[in-house]
Amino acid sequence: MTHEADLPGVSGLDAEEPERFVTQGRLAEIGEQNMLFSSSRRAVFVLNDTAAAIWRWLESGMSPSAMVAEFTSLGVEGQEGRRHVEAALEGWERLGLIRPVLRRAATLNESQLRQRIAVFGHTFEIIYPAAVTHAADVFRHLEAETEASGQVTYEMLEHRGRVHLYRDREFLSSCCHEEVPTVLKGEILTEIMEHADYELALHGASLLRGDRILLLCGAPGAGKTTLSLALLGAGFGFAGDDVMLLDAGGRGTGLPFAPAVKAGAWPLLSEVVPGLASAPIYRRPDRRRVRYPLPRAVVAQDPRSVGWLVLLSRGDGPAALEPIDPASAIQGVLDGAFALDGELTPVGFDALAHAIREAEIYRLTYSRLDEAVALLDEACR
């Protein structure tokens with residue numbers, strides 16, 4: 001058996017064990033070896049005859065308890081058969097080779113949490129299992145009271161230390177507990193990108209001064225999230241941390257998800273973001289540690305004109321805010337833009353041109369956060 005019988009974290013077969021699993025691989029007998037191929041992992045696993053039997057039982061829809069009974073009928077002592085099944089299921093689920101089937105329950109049990117949020121005119125219902133109800137805090141500022149037409153439901157099933165995410169009861173992905181907010185945010189963003197009415201999506205942080213947007217763009221590591229959170233202390237409103245959607249007239253609407261603050265920025269923001277030091281630590285799928293402080297001064301999700309567009313660049317020396325030409329601004333923004341079909345359409349370009357035509361455009365080079373905030377505070381008056 002390729003998966004050891006003494007793997008840690010085995011929860012045991014009990015009343016909470018799912019009745020069925022879906023397999024995510026293909027088993028073939030070649031020569032005298034049982035080979036299990038996983039397309040998602042691009043890997044082949046060699047199973048002994050016991051493991052191969054368990055896999056075939058899974059494919060037939062047999063429940064874990066029925067597998068133990070099958071072992072007993074074959075003369076295998078009950079506890080030994082149970083250990084074989086537990087070790088195989090735990091190992092395969094951890095590797096993403098199987099996933100439990102979501103049970104259909106008429107009502108939530110008392111340990112689950114239901115949350116409804118609204119983003120860019122779309123509503124989402126999220127059902128959290130007891131083990132990850134804390135993740136709901138990351139979306140608390142987006143909560144909505146009423147259901148809207150076309151509502152999408154995300155439901156999570158926690159099993160053996162993994163969380164399995166479903167959209168309208170169709171499986172999407174699996175992750176560990178620490179990754180739930182990041183994975184869920186990504187799925188909701190994908191849903192909006194695929195079904196919302198807009199012309200162009202821009203990668204950047206959007207803030208509000210008066211009734212106009214300050215859009216901060218830049219390469220990864222330029223400090224968009226850190227600078228945008230620092231600007232909230234200077235009286236700016238929060239419109240969005242990561243994505244802004246442009247309509248045909250060049251007006252923008254930020255998607256106000258809680259910003260993901262990487263570990264390197266925690267010391268810089270500890271004094272300007274209340275509660276950051278005590279916020280839960282989560283992980284992105286790339287294992288980077290992040291905190292999700294709820295943004296202050298969240299503005300209504302309405303389209304507004306872009307008043308200022310700033311390309312960020314890290315550098316040494318005093319901070320400098322310099323005007324740039326429209327062509328440089330467009331190229332800098334397009335480096336982080338994405339459209340529905342993967343390419344910029346003429347209508348999308350027109351929307352961007354409208355936005356930049358109305359905006360003051362700059363390049364901000366800085367190393368010190370306080371200097372950058374002071375320059376932008378002055379420029380956006």
Review item, side-chain donor-acceptor pairs of residues 267-278, under 3.5 Å, at least two apart:
{"from": "Ser270", "atom 1": "OG", "to": "Pro267", "atom 2": "O", "distance (Å)": "3.1"}
{"from": "Ser278", "atom 1": "OG", "to": "Gly275", "atom 2": "O", "distance (Å)": "3.2"}

Is any side-chain heavy atom of [Y] closer than 4.5 Å to one of [X]?
X      : Y      : result
Lys262 : Arg289 : no
His122 : His195 : yes
Leu184 : Tyr128 : yes
Arg283 : Val290 : no
Glu360 : Tyr362 : yes
Leu216 : Leu376 : yes
Trp92  : Thr23  : no
His84  : Glu80  : yes

The reported gap from CD in Gln112 to CG in Leu157 (rounded to nearest 0.5 angstrom) is 9.0 Å
Hey, could you give me the SG/CZ distance between Cys175 and Arg284, rounded to the nearest 0.5 Å? 14.5 Å
Would you find a donor on one side and an acceptor on the other, under 3.5 Å apart, between the side chain of [X] and the backbone of [Y]?
X      : Y      : answer
Arg41  : Leu95  : yes
Arg291 : Ala279 : yes
Gln33  : Met35  : no
Thr72  : Val68  : yes
Tyr292 : Ile281 : no
His141 : Pro295 : no

How would you list all residue pairs meeting side chain to side chain donor-acceptor pair (under 3.5 Å) that involve residues 214-238, not counting sequence neighbours? Thr225-Asp241
Contacts of Trp266 meeting ring-ring contact (aromatic ring centres under 6.0 Å, His included) (sequence neighbours excluded), chain-then-number -> none
Go through the structure and list residues passing ring-ring contact (aromatic ring centres under 6.0 Å, His included) with Phe171, not counting sequence neighbours. Tyr166
Determine the minimum heavy-atom distance between [X] and [Y], stating which atoms define it.
X      : Y      : result
Thr133 : Leu113 : CG2-CB, 3.7 Å
Glu179 : Pro285 : OE2-CA, 3.7 Å
Cys217 : Val333 : SG-CG2, 4.2 Å
Met67  : Met62  : CE-O, 3.4 Å
Ala379 : Leu321 : CB-CD2, 3.6 Å
Ser367 : Gly317 : OG-O, 3.4 Å

Tell me whether [X] at atom [atom1] has more than 12 heavy atoms from other residues, nucleotides or ligands lying less than 6.0 Å away.
X      : atom1 : result
Asp316 : CG    : no
Glu77  : CD    : yes
Arg26  : CZ    : no
Asp197 : CG    : no

We want to know whether Glu93 and His164 form a side-chain donor-acceptor pair, criterion being a heavy-atom distance below 3.5 angstrom. yes
Are a donor atom and an acceptor atom from the side chains of Asn34 and Asn48 found within less than 3.5 Å of each other? no
By salt bridge (charged side-chain N to carboxylate O under 4.0 Å, His left out), which residues pair with Arg363, not counting sequence neighbours? none
Check whether Tyr366 forms a cation-pi arrangement with Arg314 (NZ or CZ under 6.0 Å from the six-membered ring centre, at most 45° off the ring normal). yes
Residue that, paired with Tyr154, satisfies side-chain contact (heavy atoms from CB on, under 4.5 Å) out of Gln115, Glu187, Glu125: Glu187
Report all side-chain donor-acceptor pairs from residues 54-61 shorter than 3.5 Å, counting only partners two or more places apart or in another chain.
{"from": "Trp55", "atom 1": "NE1", "to": "Glu59", "atom 2": "OE2", "distance (Å)": "3.1"}
{"from": "Ser60", "atom 1": "OG", "to": "Trp57", "atom 2": "O", "distance (Å)": "2.7"}

